[in-house]
2 protein chains.
Amino acid sequence: MAANILLVEDEPAIQELIAANLGRAGHHVVRAGDAETAQRIVRDALPDLVLLDWMLPGMSGIELARRLRADERTRAIPIIMLTARGEEQDKVAGLEMGADDYITKPFSPRELVARIKAVLRRRAPQATEDAVELGGLSLDPATHRVFAGEQPVTLGPTEFRLLHFLMTHPERVHSRAQLLDQVWGDHVFVEERTVDVHVRRLRAALEPVGHDGLIQTVRGSGYRLSAQPAVAGV
Amino acid sequence: MAANILLVEDEPAIQELIAANLGRAGHHVVRAGDAETAQRIVRDALPDLVLLDWMLPGMSGIELARRLRADERTRAIPIIMLTARGEEQDKVAGLEMGADDYITKPFSPRELVARIKAVLRRRAPQATEDAVELGGLSLDPATHRVFAGEQPVTLGPTEFRLLHFLMTHPERVHSRAQLLDQVWGDHVFVEERTVDVHVRRLRAALEPVGHDGLIQTVRGSGYRLSAQPAVAGV
DNA sequence: GTGACCTGTCACAAAATCGTCAATTTCCTG
DNA sequence: CAGGAAATTGACGATTTTGTGACAGGTCAC
């Protein structure tokens with residue numbers, strides 16, 4: 001259950017302490033000393049969770065939380081706020097602002113880790129997981145199933161993600177690099193040729209159910225999923 | 001968001017104060033002055049949430065929480081504990097015992113109401129108490145029985161709840177984390193692989209009565225209950 | 001007590017999937 | 001049509017994910 005956590009805390013001592021504890025719990029921690037930096041990091045790195053001190057120099061924690069909630073891409077990221085004792089107003093405001101939880105300073109490392117774990121696990125399943133249908137082929141992320149008409153298609157996890165991406169971005173040519181970013185994740189280190197292999201496996205799974213020409217090769221550029229045949233006529 | 005709330009608090013003055021505030025917030029409040037009474041009320045009335053003072057005469061709040069978590073029927077009821085300042089030990093113990101949240105006394109009415117709202121909101125939509133039937137398999141929460149056609153199936157409590165959840169949410173793929181949330185509750189600290197073990201036990205119980213392929217593994221994602229075979233029949 | 005369950009975790013076995021490579025084939029350019 | 005770049009393919013060892021059996025505690029009804 002390792003996770004990327006952004007810690008927003010201005011006091012170096014506390015920052016250090018928390019980071020050490022989270023690190024020991026197996027999490028990867030990125031730190032920010034102020035809200036502006038934090039905002040930038042969130043946009044760039046999209047952490048799994050934000051640990052947010054409520055009292056910050058400059059932009060307040062509340063304001064940052066509000067902004068994160070306002071942005072489409074960062075809306076789903078859970079926020080745990082750190083408050084000093086007795087800041088009753090803040091707690092209420094924070095919860096209403098969309099914080100998922102709060103912890104009152106001082107807190108024990110165990111409590112912090114326990115709360116993080118709970119929040120991460122509670123994360124709602126993505127809402128934008130609609131089924132895709134295209135040219136007689138349907139794919140449903142919720143059930144994790146693919147059908148060619150009535151016939152089920154069996155795919156490995158990677159092929160499934162690849163097909164999902166292609167079906168949600170049809171007709172466009174995607175370079176191998178783009179596919180690696182989108183399907184594998186932009187942090188992995190994998191040969192570009194690997195894409196070829198998975199495309200091949202995907203084609204092999206689609207061909208027996210009458211979808212051969214579906215994934216087309218664009219020489220020198222990449223691949224494209226298209227309901228239209230690659231070449232007119234013939 | 002009106003809810004039935006059981007307030008367990010021995011000090012009449014505080015009891016009165018809290019009850020008044022909750023009532024103003026639109027909740028229906030039932031009160032108990034000690035843990036024994038509370039336990040009885042919970043079994044009878046099945047409130048939506050329990051507000052539990054940690055310091056009680058006789059049976060402690062922790063003990064009550066433990067018992068509620070141990071009982072099949074009351075396990076899912078959220079618990080918010082009320083603690084005095086500085087009782088750090090209690091917080092950790094409480095959270096591990098299954099409390100969904102805690103509030104440090106003294107607290108503001110606004111905060112209390114906000115916390116209650118948050119806890120109720122994140123509670124998973126409760127499965128119906130109606131009997132479920134699916135592909136020759138029937139499960140009745142009321143009688144706590146499972147039948148495969150005419151044949152009774154014997155299950156342990158956890159397997160029963162697991163099957164219940166899967167039957168009420170068929171076809172969908174559930175990650176181990178989601179199953180832990182929904183079946184074990186989001187407050188427990190259990191390894192994800194434990195899910196595997198219980199799935200195995202469930203499969204073992206279902207297989208001799210002709211329901212082998214019912215629970216399917218979706219590699220890399222989780223498990224799925226489906227009347228449809230994973231792969232088209234050969 | 002005590003014996004019959006249940007539970008959560010491990011360590012290990014079994015399976016499925018992955019990423020690479022090298023050999024081939026295909027396709028474009030001159 | 002030759003040459004060479006680009007893509008396809010089949011094979012394979014490495015890695016990751018699941019399935020299993022065993023086990024140490026804990027609970028509960030006798």
Side-chain angles (χ1 to χ4, degrees), chain A residues 1-2 117 121 144 146 153-163 173-177 179-181 183-185 187-208 212-224 230-231 234, chain B residues 63 65-75 96-98 144 146 153-163 173-177 179-180 183-185 187-207 212-224 230-231:
Chain A
M1 170 87 85
K117 194 170 175 185
R121 215 166 48 194
H144 213 276
V146 179
V153 182
T154 334
L155 300 176
T158 305
E159 280 78 53
F160 185 87
R161 284 199 309 273
L162 176 58
L163 178 59
V173 179
H174 307 283
S175 72
R176 290 172 178 73
L179 289 174
L180 280 179
D181 276 3
V183 179
W184 275 256
H187 51 289
V188 296
F189 177 68
V190 178
E191 293 293 323
E192 289 207 339
R193 281 269 156 255
T194 300
V195 174
D196 296 34
V197 178
H198 281 277
V199 164
R200 171 176 159 277
R201 288 172 179 160
L202 187 48
R203 281 173 170 161
L206 255 29
E207 179 266 316
D212 0 0
L214 198 63
I215 299 174
Q216 300 154 8
T217 305
V218 180
R219 184 164 247 259
S221 300
Y223 295 96
R224 165 182 58 202
V231 191
V234 179
Chain B
E63 175 59 18
R66 201 187 57 70
R67 294 199 187 184
L68 294 184
R69 289 307 185 214
D71 188 324
E72 178 70 23
R73 290 164 300 175
T74 59
R75 178 168 309 198
E96 289 183 345
M97 206 78 262
H144 209 278
V146 180
V153 182
T154 337
L155 297 177
T158 304
E159 279 77 54
F160 183 86
R161 267 179 290 125
L162 177 58
L163 179 59
V173 175
H174 308 283
S175 71
R176 291 171 176 74
L179 289 173
L180 280 180
V183 178
W184 275 255
H187 34 63
V188 296
F189 301 94
V190 175
E191 293 294 321
E192 291 206 340
R193 289 297 253 98
T194 299
V195 174
D196 295 34
V197 177
H198 282 275
V199 163
R200 172 175 160 278
R201 289 171 179 161
L202 185 49
R203 280 173 171 161
L206 255 30
E207 179 265 315
D212 337 19
L214 197 62
I215 299 174
Q216 300 154 8
T217 304
V218 180
R219 185 161 246 259
S221 299
Y223 294 98
R224 164 183 61 203
V231 192

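All chains are named by letter (A, B, ...) in the order of the sequence lines, taking the proteins before the strands, and each is independently numbered beginning at 1.
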What contact category does B:D196 fall into here, base, sugar-phosphate, or nothing, at under 4.0 angstrom with non-hydrogen atoms?
sugar-phosphate

Which whole-number value in Å describes the distance from B:E207 CD to D:dG19 P?
15 Å

Any A:T158 side-chain nitrogen or oxygen under 4.0 Å from OP1 or OP2 of C:dT17:
no

Just how far, in rounded Å, is P of C:dT7 from CZ of B:R161?
7 Å

Heavy atoms under 4.0 Å, any strand shown: does A:T217 hit a base, just sugar-phosphate, or nothing?
sugar-phosphate

Looking at the side chain of B:R193, which of D:dT8, C:dC6, D:dT18 is the nearest nucleotide?
D:dT18

A:R176 CZ to D:dA6 P, in whole Å, measures 9 Å

Starting at the 5' end of DNA chain C, which residue's closest nucleotide do you reach first, B:V197 or B:L155?
B:L155

Between atom CH2 of B:W184 and atom CG of B:L162, what is the distance when rounded to the nearest 0.5 Å?
5.5 Å

Once hydrogens and angles are ignored, does a donor-acceptor distance under 3.5 Å link the base of D:dA6 to the side chain of A:R219?
yes

Among C:dT9, D:dA6, C:dT20, find the nucleotide with the atom closest to the side chain of A:V190.
C:dT20

Tell me whether the OP1 or OP2 atom of C:dT7 has a side-chain N or O from B:W184 closer than 4.0 Å.
no

Separation between CD of A:E191 and CG of A:L180, rounded to the nearest 0.5 Å:
9.5 Å

Of A:P157 and A:E191, the one whose closest DNA chain C nucleotide lies more 5':
A:P157

Integer-rounded Å distance: D:dA6 P and A:Q216 CD
20 Å

A:E192 CD to C:dC21 P: how many Å, rounded?
14 Å

Using only atom types and a distance under 3.5 Å, with no angle test, would you say the side chain of A:R203 pairs donor to acceptor with the backbone of A:I215?
yes

Could you tell me whether the side chain of B:R176 reaches within less than 4.5 Å of the side chain of B:L179, counting heavy atoms only?
no

Give B:T154 one of three labels, base, sugar-phosphate or nothing, depending on what nucleic acid heavy atoms sit under 4.0 Å from its own.
nothing

Can you tell me if B:R224 uses its side chain to pair, donor with acceptor, with the backbone of B:Q216 under 3.5 Å?
no

Heavy atoms from C-beta onward define the side chain here; which of D:dG21, C:dT9, C:dC18 lies closest to that of B:R200?
D:dG21

Using atom CZ of A:F189 as one end and atom P of C:dC18 as the other, report the distance to the nearest whole Å.
19 Å

Using a heavy-atom cut-off of 4.0 Å across all strands, would you classify B:E159 as base, sugar-phosphate, or nothing?
sugar-phosphate

Examine the base of D:dG19 for any acceptor or donor lying under 3.5 Å from a partner atom in the side chain of B:R201, and report the outcome as yes or no.
no

Mind calculating the distance between CG (B:L202) and P (D:dT18) to the nearest angstrom?
17 Å

So B:Y223, base contact, sugar-phosphate only, or nothing? Heavy-atom distance under 4.0 Å.
sugar-phosphate

Working to the nearest 0.5 Å, report the span between OG1 of B:T217 and CG of B:D196.
8.0 Å

